[in-house]
Protein chains: 2
Amino acid sequence: MTETTAVLDRVLHLATLVQSDLARFEREQGLTTPRVHLLWVLGEAGPSTQQALSRALGVTPRNVTGLVDGLVASGHVSREPHPEDRRATLVTPTGLGSRTIEDLVTSHVDLAHRLFGDVAPAALATFDEVLTSTVDRFAGLMAEADGR
Amino acid sequence: MTETTAVLDRVLHLATLVQSDLARFEREQGLTTPRVHLLWVLGEAGPSTQQALSRALGVTPRNVTGLVDGLVASGHVSREPHPEDRRATLVTPTGLGSRTIEDLVTSHVDLAHRLFGDVAPAALATFDEVLTSTVDRFAGLMAEADGR
DNA sequence: TATTGTTATACTCTATAACTATA
DNA sequence: TATAGTTATAGAGTATAACAATA
């Protein structure tokens, strides 16, 4: 019988390894995890207001100001005026920012392939099924606990 | 065929859910992730010098001073003199610290059971096999990249 | 000389509260 | 009155460098 605690420990171990891989990317690019996260969101959503980024990142608007300040200083994004709302700014990737986002996506896909590319298809399918059902069940439990 | 990138995304999603669960524990106990990590190491290794904690946590000795200062202030650990080396201190859990470590272990085991307790044994065994081989292979790649 | 831990200094991420400009 | 973003202030985690006490 498989010990559930041992399985959780291995999931955590894998998560720390993935985190270390991201840390290498950050060192190479002179970035930090929260700034990379912001760039990632920008890559998915396109130019965004700081309010939208605040919600997507789960941090306060004040914090977004600081993250964007840093990314402006490093040349990854610029603050553009919002065409319809003069209160708001559109945080927009620069050329450097866009290239960094592309590198981020590439290295993400590459990591996925390094991790799972050699796993037998049937085993990988089972792995993914367990993963999916676990995530779904647990997300439900968390939402329930938060609402309570 | 299963997309490797989708699998990686789900692994990452599970990791963030586990992290949220830890965050709840931290809020309840008035602790932070690095301090909980230090307590966890203390639970595994017993009373330790700050040098040992520095290596185990992967942070500078200066940083350990700060973490221990915080945990002393909150009453979770104390600095005891090292019996053989007058330069060193032994960071030691107090009664509160020991109870917190026990709670931490309990909630870790409990989380593992909530996550994987209902998964069919055969599927869980396959899941764990893929996980183990992936972690081993990837840890090897990371060590190689670091050494290069 | 080498090691253990601390003081000094600095940067990043995080938060709340108060404020300005605009809707 | 409400919303978008900033200034003010504060605390935690991280780092390097220089220093004291001890080995």
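Every heavy atom of this structure was used, including side-chain atoms; hydrogens, water molecules and symmetry mates were not. So you know, we letter chains A, B, ... as the sequences are listed, proteins then strands, and number each from 1.
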What closest approach, in Å, do B:L90 and B:P83 show between heavy atoms, and which atom pair accounts for it?
CD1-CD, 3.9 Å

Mind listing the residues from residues 33-40 of chain B sitting with a heavy atom below 4.0 Å of DNA chain D? Number order is fine.
B:P34, B:R35

A:S107 meets the side-chain contact (heavy atoms from CB on, under 4.5 Å) criterion, sequence neighbours left out, with A:F25

Here the side-chain hydrogen bond (donor to acceptor under 3.5 Å, both in side chains) pairs for residues 120-131 of chain B, sequence neighbours left out, are A:R10-B:D128

Using a 6.0 Å cut-off, check whether atom CD of B:E3 has over 12 heavy atoms from anything other than its own residue.
no

Can you sort out which residues in residues 78-89 of chain B have a heavy atom within less than 4.0 Å of DNA chain D? Ascending by number, please.
B:D85, B:R86, B:R87

From A:D85 atom CG to A:T49 atom OG1, the distance as rounded to the nearest 0.5 Å:
9.0 Å

Let me check something: any side-chain donor-acceptor pairs from residues 108-118 of chain A under 3.5 Å, sequence neighbours excluded? List them with distances.
residue, atom, partner, partner atom, Å
A:H108, NE2, B:D9, OD1, 2.8
A:R114, NH2, A:D21, OD1, 3.4

Which residues in residues 48-66 of chain B have a heavy atom closer than 4.0 Å to any atom of DNA chain D?
B:V59, B:T60, B:R62, B:N63

In short, A:M142 meets B:L17 closest at the heavy-atom pair CE-O, 4.0 Å

Between atom CZ in B:R27 and atom P in C:dA15, what is the gap in whole Å?
12 Å

Got B:V77 and B:L39 here, is their nearest side-chain heavy-atom distance under 4.5 Å?
yes

Non-hydrogen atoms of B:P61 and B:Q51 that approach each other most closely
CG-NE2, 4.0 Å

Which value, rounded to the nearest 0.5 Å, describes the distance between B:Q29 atom CD and B:D103 atom CG?
5.5 Å

